[in-house]
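What follows is a short report on a single structure.
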Amino acid sequence: MFAERRHKLLDAMGPDAVAILLGQTLVSRSNDTDYPFRQDSDFWYLTGFDHPGAIAVLRTDADPTYTLYVEPRDPAAETWTGYRPGIEGAVADYAADEAYERSKFLGDLPHLIEKARHVHHVLGRDSRVDECITQTIEELRRRSRQGVSPPEAIIDPRGIVHEMRLIKEPAEIDIMRRAAAISAEAHKAAARLAHPGAYEYELQAVIEYTFRRRGTRGAAYSTIVGGGSNGTILHYVTNQAKLSDRELVLIDAGCELEGYASDVTRTYPIGGRFAGPGRAIYEVVFEAQQAALDQCNPGSTIAKIHDAAVRRIVEGLLELKLLSGDVDTLIAEEKHRPFYMHGTSHWLGLDVHDVGSYRTDGDPRPLEPGMCLTVEPGIYIAESNDAADLRYRGIGVRIEDDVVITPDGHENLTEAIPRAPDELEALVSDR
Ligand code: GLY
Ligand code: MN
Ligand code: MN
């Protein structure tokens, strides 16, 4: 799988090209402790190498085509931080043609790029590497009278790699299906635990417990558990408040499995029954999500998905008298923005907001089988929204599912988590 992707990248790079790909290094959390290591998504996609401080060199201008620079084996260091594949492992287990100690990389770099016409490299990640590349190119240019030709261009390889990542292979979709199933289990566990008097962090805890218990790395992004008006704060991650009866709780949580994210939101009544304004807002978002899901087909676009959600939200806000006027005019004037201020979909994959361009030649990009995206309309009526009737203030609802586009439509990977109001009520009441 990884080798196939490297070959695809090498083909796309064309002849006389070298790619310098930097893996993630450890990031300090405080003093001398680090955050848990998480490999750079592109590096993982191309190498499957899950250890800090590696650099991959892929080339079409000479053999070998695949070289890894890695931290060497070191029994003393490994006693503290665990196993490293080292140079031997990089070749034996990760299919590198050759491997060297990372400490040799900067010294080797001028030779690695001196014969290439194109250097594929992401500038701005490591100033020493950037400086070495630019200095080498300058040095080669100075020698051009001796018949030396310096590389003509430094190309950002993400253009190629991110297009590859956008269309998921069957094996990737399978992982995402499994990640979705674990996130489903976690959301259901949280719904069963939700009750008046519980704290937001208790729901977060059962969700993240389920993620780890099922062997995932944990949450793919900071878990959001927002009770009542906390649900109107899009990136609320404090999760410290007590949940009360007659309020909704909005939970946005997804696990990361083998590098792949799931991204799911459910909103339901803490007391087990939707009532009054909460039910009314929920039903509008539920219908908006259904309208959006109906647009998830090959040839459709994320813009069409969003337009479908916005139309139903504007109609609903009109029905609830939170807006007044004509639907088309309100949409044209974006009058929904104080209530619905984000997009409906983003790509999903190794990154929760995954890579790949959203437009082709300036137009919204047609969806193709293998693309994975979220469908996540919402309505958020902040306490401070003076324009809204008081009854509706402090209500935040989002419903978010993960879909993969198929030849005949889409597969909803997170369908197992109830969304319909009566199903959610049954789940919350099932303690
Ligand atoms: N959880 C981040 C998002 O929904 O986009
Ligand atoms: Mn999302
Ligand atoms: Mn989300």
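Both ligands and their constituent atoms are indexed starting at 1 by order of listing.
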Practice task
Examine ligand 1 and decide if any of its atoms is less than 4.0 Å from a heavy atom belonging to H353.
Solution key: yes
Exercise for the section: Have a look at E400 and say which of its N, O or S atoms is nearest the Mn ion (ligand 2). Expected result: OE2
Handout entry: E376: its N/O/S atom lying closest to the Mn ion (ligand 2) (atom name)
Key = OE2
Handout entry: Aromatic contact, H353 with Y221 (centres under 6.0 Å)
Key = no
Problem - Donor-acceptor side-chain pairing of D351 and S41 below 3.5 angstrom - result: yes
Problem - Any side-chain donor near an acceptor of the partner, D401 and T414, under 3.5 Å - result: yes
Problem - salt_bridge(R84, E78) N-O dist < 4.0 Å - result: no
Handout entry: Ligand-side contact atoms (ligand 1) for residue partner D263, heavy atom cut-off under 4.0 Å
Key = 1 (N), 2 (C), 3 (C), 4 (O), 5 (O)
Handout entry: ligand 1 N/O within reach of E400 N/O, cut-off under 3.5 Å
Key = yes
Practice task
Tell me, please, if D252 has any N/O/S atom, main chain or side chain, under 2.8 Å from the Mn ion (ligand 3)?
Solution key: yes
Exercise for the section: Considering just N/O/S atoms, say which atom of D263 is closest to the Mn ion (ligand 2). Expected result: OD2
Handout entry: 2.8 Å cut-off met by an N, O or S atom of H353 to the Mn ion (ligand 2)
Key = no
Practice task
In plain terms, say whether R365 and E163 are close enough for a salt bridge, that is, a side-chain N and a carboxylate O under 4.0 Å apart.
Solution key: yes
Practice task
Say whether, by atom type as modelled, one donor and one acceptor occur between the side chain of R312 and the main chain of V285 under 3.5 angstrom.
Solution key: no
